[in-house]
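Report on the following structure.
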Number of protein chains: 2
Amino acid sequence: MFKKFKIPDATIGRLSMYSRYLIEADKKGITTVSSQHIAKATGVTPAQVRKDLAYFGEFGTRGVGYNSRELYNYIMKILGLNKQWSVAIVGAGNLGRALSQYKGFNQRGFNISCIFDNDPKKIGKKISNINIYSFDSLAEKVKDFNIKLGIIAVPASAAQEVADKLVKAGVRGIINFAPVNITVEENIILRRVDLAAQLEYLTYYLEEI
Amino acid sequence: MFKKFKIPDATIGRLSMYSRYLIEADKKGITTVSSQHIAKATGVTPAQVRKDLAYFGEFGTRGVGYNSRELYNYIMKILGLNKQWSVAIVGAGNLGRALSQYKGFNQRGFNISCIFDNDPKKIGKKISNINIYSFDSLAEKVKDFNIKLGIIAVPASAAQEVADKLVKAGVRGIINFAPVNITVEENIILRRVDLAAQLEYLTYYLEEI
DNA sequence: CATACATTGTTAAATAATTAACAAAGATTT
DNA sequence: AAATCTTTGTTAATTATTTAACAATGTATG
């Protein structure tokens with residue numbers, strides 16, 4: 001698996017979609033699929049599918065297509081999903097609690113190992129069998145559980161501080177749900193997910209039609 | 001407000017970020033900001049800020065910058081956020097419940113009016129004062145509450161059916177949290193948010209470093 | 001086994017988005 | 001009031017991404 005070239009960010013998101021389609025196809029007994037099939041199921045063009053895959057190698061057979069299971073395995077490997085990942089969620093508010101229980105993470109190999117909060121009323125409790133720990137024990141627990149991924153679900157005002165703590169503890173990738181821009185050192189992967197902004201895309205387009 | 005040209009999708013997301021910075025700046029008594037200030041606070045380039053704004057008009061004063069409050073108001077108007085929007089959430093599972101309670105929506109003018117589910121145990125109950133109704137009453141309630149935005153938080157297998165129902169009831173914009181591609185007629189605005197895929201971006205980049 | 005057909009992988013063309021450069025316009029200083 | 005400084009808005013250049021086209025390659029058919 002080689003990542004020599006710069007791959008468009010969007011490609012990664014599409015690979016994830018492809019993989020979901022492929023595992024479904026495989027379950028249904030569809031052993032072979034074409035770029036056309038994948039494209040139709042995921043809402044992209046066949047050329048896009050082939051281009052995306054071409055970044056990583058040759059996975060198909062000309063005149064035939066792709067073996068569903070095989071391509072699925074390749075993509076999962078590309079995405080780094082051929083193993084389990086431990087994840088920490090920081091913030092046991094509504095969003096943090098929901099994400100802790102969200103089944104979709106488990107389905108893709110993510111294991112929410114622990115939750116952190118600074119509310120004494122929450123510390124020591126559990127959310128669907130996941131322990132809530134104090135901020136103070138973050139570094140310790142991150143090392144214990146070998147956690148490389150962190151989810152920030154705290155208010156905007158605390159997000160940067162939490163990010164710093166996570167990075168210091170050894171976390172390598174962070175998703176920030178707080179609606180604020182935070183910065184991390186260069187070798188840390190950071191993504192921002194702004195739920196309200198998603199609705200704002202809709203209102204923007206609906207506004208003037 | 002004119003949307004003659006095709007605006008990059010990313011621009012809309014950035015406008016949302018800018019607006020969040022601007023209201024904060026205004027609260028702190030910073031009446032004037034430059035594209036440089038906005039850029040630094042939101043993690044983009046000053047040229048990007050000016051380009052984004054230029055799609056919609058001239059909001060600044062050369063040699064001076066932008067009036068924080070004024071630009072904030074302009075952007076909110078552009079995004080269609082100068083009024084309240086009623087939103088329906090479909091699915092009262094973990095994710096649906098969390099989104100119903102998520103404070104971030106309210107802060108930006110979104111009002112979760114009702115929740116729909118088909119579980120008899122949930123119908124009739126409330127989640128932080130928001131009623132849970134049956135799928136059957138969806139069309140009726142969407143009209144009663146004048147709901148134009150819908151959030152799909154049901155399992156992938158039910159997502160398309162829910163989308164169809166929402167559209168038929170008069171909803172114009174949809175966010176789909178189910179990890180599946182759904183289709184809607186052309187004049188409906190649809191966005192897909194795949195939470196697991198967000199983590200997969202991280203693992204992709206962490207995999208081979 | 002030659003011909004027709006299907007579908008990939010790849011190269012080229014077209015489109016889109018970002019960044020850089022700078023003239024225009026207003027504020028400040030001498 | 002001329003000269004200098006600042007920062008916008010806009011145009012041009014650059015970079016990135018998507019789409020289209022097609023040669024290469026394998027399968028199926030007569």
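Side chains included, hydrogens not; waters and symmetry mates left out as well; all remaining heavy atoms used. Throughout, protein chains are lettered first and strands after them, A, B, ... in sequence-line order, and every chain is numbered starting at 1.
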Take A/Y74 and A/F59 through the test ring-ring contact (aromatic ring centres under 6.0 Å, His included) and record every step on the way to the result.
CA-CA 8 Å; A/Y74 277 126; A/F59 307 111; 4.6 Å; yes
Give a yes or no on whether the backbone of [Y] and the side-chain of [X] come within a donor-acceptor separation of less than 3.5 Å.
X      : Y      : value
A/S100 : A/G96  : yes
B/S16  : A/A197 : no
A/N111 : A/S113 : no

If you take any heavy atom closer than 4.0 Å to DNA chain D, which residues from residues 43-53 of chain B end up in contact?
B/R50, B/K51
Using a heavy-atom distance cut-off of less than 4.0 Å, which residues of residues 28-42 of chain A contact DNA chain D?
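Of all residues in residues 28-42 of chain A, none places a heavy atom under 4.0 Å from DNA chain D.
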Taking heavy atoms of chain B and a 4.0 Å limit, find me the 5'-most and 3'-most nucleotide of DNA chain D within that range.
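Answer, 5' to 3': D/dT6 to D/dT11.
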Can you tell me how far the CD1 atom of B/I127 sits from the CG atom of B/D117, to the nearest 0.5 Å?
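If we round to the nearest 0.5 Å, B/I127:CD1 and B/D117:CG are 8.0 Å apart.
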First locate atom SG of B/C114, then atom CG of B/L138, and finally report the distance between them rounded to the nearest 0.5 Å.
7.5 Å
Among B/I152, B/V162, B/N181, side chain to side chain contact (heavy atoms under 4.5 Å, CB included) partner for B/N176
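Among B/I152, B/V162, B/N181, the one meeting side chain to side chain contact (heavy atoms under 4.5 Å, CB included) with B/N176 is B/I152.
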Over all atoms of both residues, closest heavy-atom pair of B/L95 and A/Y102:
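Where B/L95 meets A/Y102 most closely, the heavy atoms are CD2-CE1, 4.1 Å.
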Considering non-hydrogen atoms only, spot the tightest contact between A/A196 and B/F110 and give its length.
O-CE1, 4.1 Å
Stretch residues 61-68 of chain A: residues that reach within less than 4.0 Å of DNA chain C through a heavy atom:
A/T61, A/R62, A/G63, A/V64, A/G65, A/Y66
Within the 3.5 Å criterion, strictly below it, is a donor on A/Q160 or A/D164 matched to an acceptor on the partner's side chain?
yes
Give the table of side-chain donor-acceptor pairs shorter than 3.5 Å for residues 28-44 of chain A, with sequence neighbours excluded, one pair per line with atom names and distance.
residue: A/S34; atom: OG; partner: A/Q36; partner atom: N; Å: 3.3
residue: A/S34; atom: OG; partner: A/H37; partner atom: N; Å: 3.2
residue: A/S34; atom: OG; partner: A/H37; partner atom: ND1; Å: 3.2
residue: A/S35; atom: OG; partner: A/R50; partner atom: NH1; Å: 3.0
residue: A/H37; atom: ND1; partner: A/S34; partner atom: N; Å: 3.0
residue: A/T42; atom: OG1; partner: A/I38; partner atom: O; Å: 2.7

Please name all residues satisfying side-chain contact (heavy atoms from CB on, under 4.5 Å) with B/K148, sequence neighbours left out, ordered by chain then number.
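side-chain contact (heavy atoms from CB on, under 4.5 Å) list for B/K148, sorted by chain: B/W85, B/N146, B/R172.
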